[in-house]
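Following: one structure in structure tokens, then a few remarks.
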Amino acid sequence: MSSFDLDNPDFIRYFIERTGICIGSEEKSELKAWLLTSPDAENWLMTSKDYKYLESGEPVPLGKEREGAIIVNNILKGRLQDCWELFSRVACQGP
């Protein structure tokens, strides 16, 4: 279960500085936030007809490409969680 806060601008800045991964500026940032926080994200990635390539609008085919998306999404959630735990410790210590 994740506890990171994607609505915290200080955390998002910390995450970007720490990882170089930009969160929140994606073309479909609401979808990305949902994929990173919803317990239904994995099922949606595996089965949804609405999961499409941004460039072509074609549905992402079932199988390895969708499985890869789930792996990438889980890795990103893990990195966010790790950074959140570090960020929370630093924030609690104060200046």
Query raised in the report: Does the side chain to side chain contact (heavy atoms under 4.5 Å, CB included) test come out yes or no for Leu80 and Leu6, once each step is laid out?
Result: CA-CA 9 Å; Leu80 280 160; Leu6 296 179; 4.1 Å; yes
Query - Any donor-acceptor pair under 3.5 Å from Arg66 side chain to Ser48 backbone - result: yes
Requested in this report: Tell me whether Met46 is reachable from Leu62 by hopping between hydrophobic residues (I, L, V, M, F, W, Y) whose side-chain heavy atoms are closer than 4.5 Å.
Outcome: no
Query raised in the report: Honestly curious: do Leu86 and Leu76 fall in one hydrophobic cluster under the side-chain, below-4.5 Å linking rule?
Result: yes
Query - Derivation of the side chain to side chain contact (heavy atoms under 4.5 Å, CB included) call for Leu36 and Ile23 - result: CA-CA 10 Å; Leu36 293 170; Ile23 296 286; 4.2 Å; yes
Report task. Evaluate side chain to side chain contact (heavy atoms under 4.5 Å, CB included) for Ser88 paired with Phe4, printing each intermediate quantity in order. Result -> CA-CA 9 Å; Ser88 297; Phe4 50 83; over 6 Å; no
Query raised in the report: Would you say Ser38's side chain and Trp34's backbone share a donor-acceptor pair under 3.5 angstrom?
Result: no
Report task. Is it possible for you to say whether Leu31 and Ile71 belong to one hydrophobic cluster, with membership spreading through side-chain heavy-atom contacts below 4.5 Å? Result -> no
Query - Nearest-0.5 Å distance, CD1 of residue Ile12 to CG of residue Asp7 - result: 8.0 Å
**Report entry** Mutual orientation of the aromatic rings belonging to Trp44 and Tyr51 [parallel < 30°, tilted 30-60°, perpendicular > 60°]
**Finding:** tilted
**Report entry** Nearest atoms (heavy-atom pairs only) where Lys77 meets Leu35
**Finding:** CD-O, 4.2 Å
Requested in this report: Check Cys83 against Phe11 and note the closest heavy-atom contact, atom names and distance.
Outcome: C-CE1, 3.7 Å
Query raised in the report: Between the side chain of Asn73 and the main-chain N/O of Ala41, is any donor-acceptor distance below 3.5 Å?
Result: no
Query raised in the report: How many angstroms lie between atom CD of Glu67 and atom CD of Glu65, to the nearest 0.5 angstrom?
Result: 10.5 Å
Query raised in the report: Under a 4.5 Å side-chain heavy-atom rule over Ile, Leu, Val, Met, Phe, Trp and Tyr, are Val72 and Leu45 clustered together?
Result: no
Report task. Evaluate the side chain to side chain contact (heavy atoms under 4.5 Å, CB included) criterion for residues Tyr14 and Asn8: first the C-alpha distance (whole Å), next the side-chain angles of each, then the deciding distance (0.1 Å), finally the verdict. Result -> CA-CA 10 Å; Tyr14 176 83; Asn8 182 323; over 6 Å; no
Query raised in the report: Between Arg13 and Asp10, is the closest basic N to carboxylate O distance under 4.0 Å?
Result: yes
